[in-house]
Trainee: 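My questions all concern the structure below.
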Number of protein chains: 2
Amino acid sequence: MTANHGRPAPGAAHDDTAATPEDPPVRDEAAARGPSQDAARGASVQDDTVAAVVRQWRAVHPDLDTAPMEIIGRINRCAALLQQAEDAPLRRAGLSRAEFDLLGALRRTGHELTPGELARETFSSGAAVTKRLKQLTERGLVERRGDTRDRRVAHVRLTDAGRELVDGILPEQLAYERTVLAGLDGAGRGDLAVLLCELLSRLEGRPGALRI
Amino acid sequence: MTANHGRPAPGAAHDDTAATPEDPPVRDEAAARGPSQDAARGASVQDDTVAAVVRQWRAVHPDLDTAPMEIIGRINRCAALLQQAEDAPLRRAGLSRAEFDLLGALRRTGHELTPGELARETFSSGAAVTKRLKQLTERGLVERRGDTRDRRVAHVRLTDAGRELVDGILPEQLAYERTVLAGLDGAGRGDLAVLLCELLSRLEGRPGALRI
DNA sequence: AACAGGTGTTTTACCGGTAAATTATGTCGC
DNA sequence: GCGACATAATTTACCGGTAAAACACCTGTT
């Protein structure tokens, strides 16, 4: 998903008769091969799908500065692949990612949360939380009680089964993430965390600071 | 979204009567303040939501190595925020992200694609592509023709309106991405692109190389 | 030629998410 | 204490995605 970083077209496949009248087959690798920016870091830049997509855009729009894609495209693509990989073990445990996030929020805060807090905590809508809580309650993973003072609010907590489920899955997820990150050396991991933190801080900055 | 990086609970809110019997309120900032790894890069690490979440996990599970979260959590969170930000201008143009991805794939390859190729190109299911193509065709953004040799396959191409729409939106997206990335200096951007490329290459590596 | 099996696309049934409306409750000013 | 307004949660209607089945067509074998 996300804006622009599908797979490169493998090779025009078996086309058919007349090519589309507009645009003549702009289809060479001419446009500036290799990485656009190779920093101080000597690492030989591999050829990932994003690089191929960026090449395509440059061939079609040589005037456009496509540098941001090299970062944003990769972030999006990494996120998509990571989620896909981590969803498998979740499914095995009978959970969707959204459900795991909800349980995880309860586990890591260590105390009860209201549905509203859970919605904020998991970045989802209140309606979605209501639905998920219904299912998770039926499955005995969470419990709810009403607030005695304010009868609009409910308090949700993990059951023992819920806590055990999260505690069983989390180390597995972390172990997978560790193997993925093992491709980078210690300094690389440190740099990456710092750079992403700077980027994220900017994205999270006081709401609205960065355009809508 | 994604595994573990919601917002930190602002402060137990106004709780109620008895706290849950299990787990005593583990709720101090004690657990190793500050960034877990501060690399060579001197940058003062900011305090983003992921850092807060990682602190929570460390407080509850001091034994667990939460380092991967500092990277994976931030990638996921960045991706979510970026997509949210970039969806707004898309909506204004009457497109969903998935639709824009499809049009973008057609635009950047510069030639016709079959529905199947579009599915691979945009990482979505064939069924989803079928539905999107139906809508986009009705809106006059793409056209389709049957293959003359193999009547199972269709060939999809952008209409002029479709191409103009993509060409109008793309620079806007890139401009936004550039302002977001302006928070990093040139070397930082270069390093980030390279590090993400290494990570992505590993994630994309020969299918199945990395666990499921 | 007929058929078995493969491939490209579409259809079907369903699931989960959201926005907006709804319900129920609390709070503030008078 | 009562009306106006705010807030917490839920319900409703709908939309878009997927998996699996169905369909249409091709290709190789006999």
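A, B, ... follow the sequence lines: proteins, then strands. Residue 1 opens every chain.
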Trainee: Over how many whole Å does the gap from L102(A) atom CG to dG17(C) atom C1' extend?
Mentor: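 Checked: the CG to C1' distance equals 14 Å.
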
Trainee: Pair E112(A), E143(A) - check side chain to side chain contact (heavy atoms under 4.5 Å, CB included), show working.
Mentor: CA-CA 10 Å; E112(A) 296 178 322; E143(A) 286 172 344; over 6 Å; no

Trainee: OP1 or OP2 of dG17(D) sitting under 4.0 Å from any side-chain N/O of R97(B)?
Mentor: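 R97(B) to dG17(D) OP1/OP2: no side-chain N or O under 4.0 Å.
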
Trainee: For DNA chain D, please output the secondary structure as dot-bracket, reading 5' to 3'. Pairs are Watson-Crick or G-U wobble, both atom distances under 3.5 Å; mark crossing pairs with [ ], other-strand partners with |, unpaired with a dot.
Mentor: ||||||||||||||||||||||||||||||

Trainee: Measure CG/D101(A) against P/dG16(C) and give the value in whole Å, please.
Mentor: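 Going from D101(A) (CG) to dG16(C) (P), I get 15 Å.
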
Trainee: Separation of D150(B) atom CG from dG6(C) atom C1', in whole Å?
Mentor: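 So the two atoms are 12 Å apart, to the nearest Å.
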
Trainee: Using distance alone, with no hydrogens and no angle criterion, decide if S124(A) and R132(A) have a side-chain donor and acceptor under 3.5 Å apart.
Mentor: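 Short answer, yes.
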
Trainee: Whole Å only: how far is the CD atom of E117(A) from the C1' atom of dT7(D)?
Mentor: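 That distance rounds to 14 Å.
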
Trainee: Is the closest side-chain heavy-atom distance between R107(A) and H61(B) below 4.5 Å?
Mentor: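 Of all side-chain heavy-atom pairs linking H61(B) with R107(A), at least one is under 4.5 Å.
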
Trainee: Does R139(A) reach the main-chain N or O of G94(A) with its side chain, forming a donor-acceptor pair under 3.5 Å?
Mentor: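 Yes; at least one donor-acceptor contact below 3.5 Å.
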
Trainee: Could you give the CZ-to-C1' distance, from R91(A) to dA19(D), as a whole number of Å?
Mentor: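 Between C1' of dA19(D) and CZ of R91(A): 11 Å.
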
Trainee: Looking at D48(B) and R202(A), is any side-chain nitrogen of the basic one under 4.0 Å from a carboxylate oxygen of the acidic one?
Mentor: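 D48(B) and R202(A): not salt-bridged.
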
Trainee: Below 4.0 angstrom, which residues in residues 129-143 of chain A have at least one non-hydrogen atom near DNA chain C?
Mentor: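 Only K131(A), R132(A), Q135(A) qualify.
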
Trainee: Thinking salt bridges, do R58(B) and D65(B) make one under a 4.0 Å N-O criterion?
Mentor: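 No, no charged N to carboxylate O under 4.0 Å.
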
Trainee: Base, sugar-phosphate, or nothing for G126(A), non-hydrogen atoms under 4.0 angstrom?
Mentor: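 Base: the residue G126(A), judged by heavy atoms under 4.0 Å, touches a nucleobase.
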
Trainee: Are R152(A) and D150(A) within salt-bridge range, i.e. N to O under 4.0 Å?
Mentor: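 The answer is yes: the pair qualifies as a salt bridge.
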
Trainee: With nearest nucleotides of DNA chain C determined for A127(A) and E99(A) from heavy-atom distances, which residue corresponds to the more 5′ nucleotide?
Mentor: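 Checking each residue's closest nucleotide, the 5'-ward one belongs to E99(A).
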
Trainee: Check every atom of dG26(C), dT9(C), dG17(D) against the side chain of R151(A) and return the nucleotide holding the closest atom.
Mentor: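 Given the options dG26(C), dT9(C), dG17(D), the side chain of R151(A) is closest to dG26(C).
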
Trainee: Below 3.5 Å, does any donor atom in the side chain of R152(B) face an acceptor in the base of dT7(C), or the other way round?
Mentor: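 In this structure, the two groups form a donor-acceptor pair.
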
Trainee: Starting at atom CG of D147(A), determine the distance to atom P of dT27(C), rounded to an integer number of angstrom.
Mentor: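 D147(A) atom CG is separated from dT27(C) atom P by 10 Å.
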
Trainee: A128(A) has a side chain; which of dA9(D), dG17(C), dT18(D) sits nearest to it?
Mentor: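 Output: dG17(C).
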
Trainee: Could you tell me how far apart D87(B) (CG) and dT18(C) (P) are, to the nearest whole angstrom?
Mentor: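 About 13 Å, once rounded to whole Å.
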
Trainee: Salt bridge or not between E204(A) and R77(B)? Use side-chain N to carboxylate O under 4.0 Å.
Mentor: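 A salt bridge links E204(A) with R77(B).
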
Trainee: Would you tell me if any nitrogen or oxygen in the side chain of S96(B) comes within less than 4.0 Å of OP1 or OP2 on dG16(D)?
Mentor: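 It does not, given that no N or O in the side chain of S96(B) lies less than 4.0 Å from OP1 or OP2 of dG16(D).
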
Trainee: Does any N or O in the side chain of S96(A) come within less than 3.5 Å of the main-chain N or O of E99(A), such that one atom is a donor and the other an acceptor?
Mentor: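 Pair found, side chain donor or acceptor close to backbone of E99(A).
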
Trainee: In whole angstrom, give the distance that lies between atom CD of Q83(A) and atom P of dT18(D).
Mentor: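 Those two atoms, CD and P, are 14 Å apart.
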
Trainee: Indicate yes or no: at least one non-hydrogen side-chain atom of L133(B) is less than 4.5 angstrom from one of P115(B).
Mentor: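 Yes; the side chains approach each other to less than 4.5 Å.
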
Trainee: Please pick, from dG8(C), dT18(C), dT10(C), the nucleotide with the shortest atom-to-atom distance to any side-chain atom of S125(A).
Mentor: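 Nearest nucleotide to the side chain: dT18(C).
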
